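In this chain, residues are counted from 1 in sequence order. Everything numeric here is computed off the predicted structure, so don't read it as measured data.
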Amino acid sequence: MPKSCRFLELELEKFMNTVEFKMMGVKVCLLEFILFVSFCCFALSVAAQTTDPSEVAALRAIKSELIDPMKHLNDWNQGDPCTSNWTGILCFDPVGTDGYMHIKGLQLLNMNLSGYLAPELGQLSHIQVIDFMWNEITGSIPREIGKLASLRLL
C-alpha cells in the first residue's frame, strides 16, 4: 500500500478512536469510509504494478509470429511481462505517468527462434532495445519500427 494511503488510514483510525460517537450510525459511516479508502489505495497499488495492456497484446502478437522449438517463450502465456519476469523482457522500474509499467527491452538472443518480426513491434512505444541476434528470423524489418522514437538499439 502506498505510504500516503497508509498514513490517511492511520489518521482516520486515530480520529475514530479518540472521538466519542454518540450515534452508532456516524461510527458505521466512518468505518465504511475507512474501508473505502483502503480499497482505493489497494486498487491503485495493484494497477501500478501491471504492464500497459497494449504492450502485453503486442508481445503476444510478436510471439505468435515466432517459432520457438526450445520453448524459451512459454512463460509469455501467463502472468504479466514485467511482474512475472517473462523471458527476454526488460521493464522500466518506475511506473509511468499513466500508471502502468512499460517494456524497456526485448532481448531474445540466441534462442533458436525462427519466423517473422511482427509489425506489432511498433506498439512498444517506450522500448529502447530490440535484439534478436543469433536466431533464424526471416523477412523484412517491419516499417512500424520506424515509429519508435525511444529505440536506441536494433
Taking the side chain as C-beta and beyond, is there a heavy-atom pair between T51 and Y100 under 4.5 Å?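 Sidechains of Y100 and T51: no contact.
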Is any side-chain heavy atom of V56 closer than 4.5 Å to one of P81?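 In short, these two side chains touch, coming nearer than 4.5 Å.
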What about [X] and [Y], same hydrophobic cluster or not, with Ile/Leu/Val/Met/Phe/Trp/Tyr joined at side-chain heavy-atom distances under 4.5 Å?
X    : Y    : value
I145 : I137 : yes
I141 : I103 : yes
I67  : Y116 : no
L90  : M111 : no

Looking at every non-hydrogen atom in both residues, tell me the closest pair between [X] and [Y] and how far apart they are.
X    : Y    : answer
S64  : A61  : OG-O, 2.6 Å
K147 : G122 : CE-O, 4.3 Å
F132 : L117 : CE1-CD2, 3.5 Å
Q123 : S54  : OE1-O, 4.0 Å
A118 : P142 : O-CG, 3.6 Å

Let me confirm one number: the [atom1]-[atom2] distance from [X] to [Y], rounded to the nearest 0.5 Å.
X    : Y    : atom1 : atom2 : answer
L151 : I130 : CG    : CD1   : 5.0 Å
L73  : L108 : CG    : CG    : 6.0 Å
I89  : L59  : CD1   : CG    : 4.5 Å
M133 : N110 : CE    : CG    : 9.0 Å
K104 : H126 : NZ    : NE2   : 12.5 Å
L148 : L124 : CG    : CG    : 7.0 Å

Is atom CG of D98 surrounded by more than 12 heavy atoms (other residues, nucleotides or ligands) closer than 6.0 Å?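 Yes, CG of D98 has more than 12 neighbouring heavy atoms, counting only those of other groups under 6.0 Å.
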Given the options D68, L66, L109, L113, N135 meets side-chain contact (heavy atoms from CB on, under 4.5 Å) only with L113
For I127, does its backbone N or O pair with a side-chain atom of S150 as donor and acceptor, under 3.5 Å?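 It does hold such a pair.
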Residue pair T87 / D75, side-chain donor-acceptor N/O under 3.5 Å: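 Yes, D75 and T87 have a side-chain donor paired with an acceptor closer than 3.5 Å.
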Is the W76 ring parallel, tilted or perpendicular to the W86 ring (thresholds 30°, 60°)?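 The arrangement is parallel - the two ring planes meet at less than 30°.
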